[in-house]
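To start, the structure under review is shown below, and the notes come after it.
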Amino acid sequence: MSDLKELRKLYSEQGLSQKGVDRNPFSQFKIWFDQAVNSDTAEPDGMCLSTISSDGKPSQRTVLMKAYDENGFIFYTNHNSRKGIQLKENTSVSALFPWLALHRQIIIEGEVSRIDDEISLAYFHSRPRGSQIGAWASRQSQRLNSRCELEEQIKAVEERFEGQPIPLPEFWGGYRIKPNRFEFWQGRNHRIHDRIIYHWSESEQAWKVERLSP
Ligand SMILES: Cc1cc2nc3c(=O)[nH]c(=O)nc-3n(C[C@H](O)[C@H](O)[C@H](O)COP(=O)(O)O)c2cc1C
């Protein structure tokens with residue numbers, strides 16, 4: 001068995017306090033996201049998205065956050081993929097940004113909904129043509145007999161749309177996560193970490209901020 005004891009690191013002393021954070025979790029997200037973008041963190045827009053199947057089993061995968069504002073966090077995928085099917089059955093999700101180089105993570109929990117096709121279309125057309133073809137060609141999450149089979153599907157899509165703009169596939173588009181809970185986690189020395197959570201209070205129509213024990 002591998003011995004990972006030596007991986008233990010001394011975490012930063014840069015803390016996070018209930019008073020120091022922005023009252024608005026989206027503003028606090030922006031502060032940390034901008035810091036992650038300006039750091040050595042690889043793919044700071046990558047989030048681990050957890051979904052739940054109809055029989056209550058969780059699954060997760062990385063997707064890229066393509067936009068965010070106070071209405072939520074947007075990602076794009078295939079509606080018929082494993083996650084797409086689960087999202088039709090259960091709209092509750094969790095998304096985790098693992099900014100390990102900064103000793104930080106943000107966890108968002110909330111509900112997803114499909115975004116308007118016009119927004120998906122605008123984003124789809126902003127992607128390189130090869131990615132647009134890939135979206136058409138890949139029956140995401142379905143079994144392939146070989147890489148060759150996928151390459152044939154790509155060739156068929158290239159021929160189908162040769163010389164013309166590629167339309168938005170009806171099976172592909174964006175989702176918005178509307179958060180009801182945020183957790184900002186800052187690693188501190190000796191595992192005495194900071195955890196600040198925000199949860200949305202329906203009765204007060206306001207975000208409540210609390211500290212959790214690490
Ligand atoms: C860095 C990274 C970014 C990814 N971004 C996306 C994405 O934005 N949308 C997407 O559908 N899949 C993305 N993937 C692939 C997914 O992790 C996953 O393999 C795929 O969506 C199929 O997941 P599913 O079978 O659970 O539906 C990304 C993977 C990685 C490692």
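Position 1 is the first residue of the sequence, and the numbers go up from there. First listed ligand is number 1; within each ligand, the first listed atom is number 1.
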Where is the nearest protein heavy atom to atom 29 (C) of ligand 1: which residue, which atom, and how far?
-> T62 O, 3.5 Å
Considering all protein heavy atoms, does one lie under 4.0 Å from atom 24 (P) of ligand 1?
-> yes
Step through it carefully: locate the ring centre of F161, locate the ring centre of W136, and say whether they are under 6.0 Å apart.
-> yes
Pull out every atom of ligand 1 sitting under 4.0 Å from any heavy atom of T77, numbered as shown with elements.
-> 10 (C), 11 (O)
Does the pair R181 and S94 meet the rule for a side chain to side chain donor-acceptor pair (under 3.5 Å), with working shown?
-> CA-CA 9 Å; R181 187 185 192 275; S94 172; over 6 Å; no
What atoms of ligand 1 come within less than 4.0 Å of a heavy atom belonging to R82?
-> 24 (P), 25 (O), 26 (O), 27 (O)
Distance to 0.1 Å, residue and atom name: give those for the protein heavy atom nearest to atom 22 (C) of ligand 1.
-> K83 NZ, 3.5 Å
Where does the angle between the aromatic ring planes of F184 and F182 fall among parallel (under 30°), tilted (30 to 60°) and perpendicular (over 60°)?
-> parallel
Based purely on interatomic distance, does Y76 place a nitrogen or oxygen under 3.5 Å from a nitrogen or oxygen of ligand 1?
-> yes
Step by step, would you call F124 with Q132 a side-chain contact (heavy atoms from CB on, under 4.5 Å)?
-> CA-CA 7 Å; F124 186 74; Q132 296 179 27; 3.5 Å; yes
Got the closest protein heavy atom to atom 12 (N) of ligand 1, with its distance?
-> Q140 NE2, 3.8 Å
Judged by heavy atoms only, the candidate from L49, L64, T51, D45 nearest atom 7 (C) of ligand 1 is L64
Any link between L49 and W99 through a network of hydrophobic side chains (Ile, Leu, Val, Met, Phe, Trp, Tyr) touching at under 4.5 Å?
-> yes
Short N or O distance, E43 and ligand 1, threshold 3.5 Å exclusive | no
Of all the atoms in ligand 1, which lie at a distance below 4.0 Å from a heavy atom belonging to S141?
-> 24 (P), 25 (O), 27 (O)
Evaluate the side-chain proximity of Q18 to I196: yes if any heavy-atom separation is below 4.5 Å, no if none is.
-> yes
Provide, to 0.1 Å, the distance between atom 26 (O) of ligand 1 and the closest protein heavy atom, together with that atom's residue and name.
-> R61 NE, 2.7 Å
Hey, are S92 and E111 close enough side-chain-wise for a donor-acceptor pair under 3.5 Å?
-> yes
If you scan protein heavy atoms around atom 6 (C) of ligand 1, the nearest is V63 CA, 3.6 Å
Single-linkage hydrophobic cluster, 4.5 Å side-chain cutoff, I115 and V63 together | no
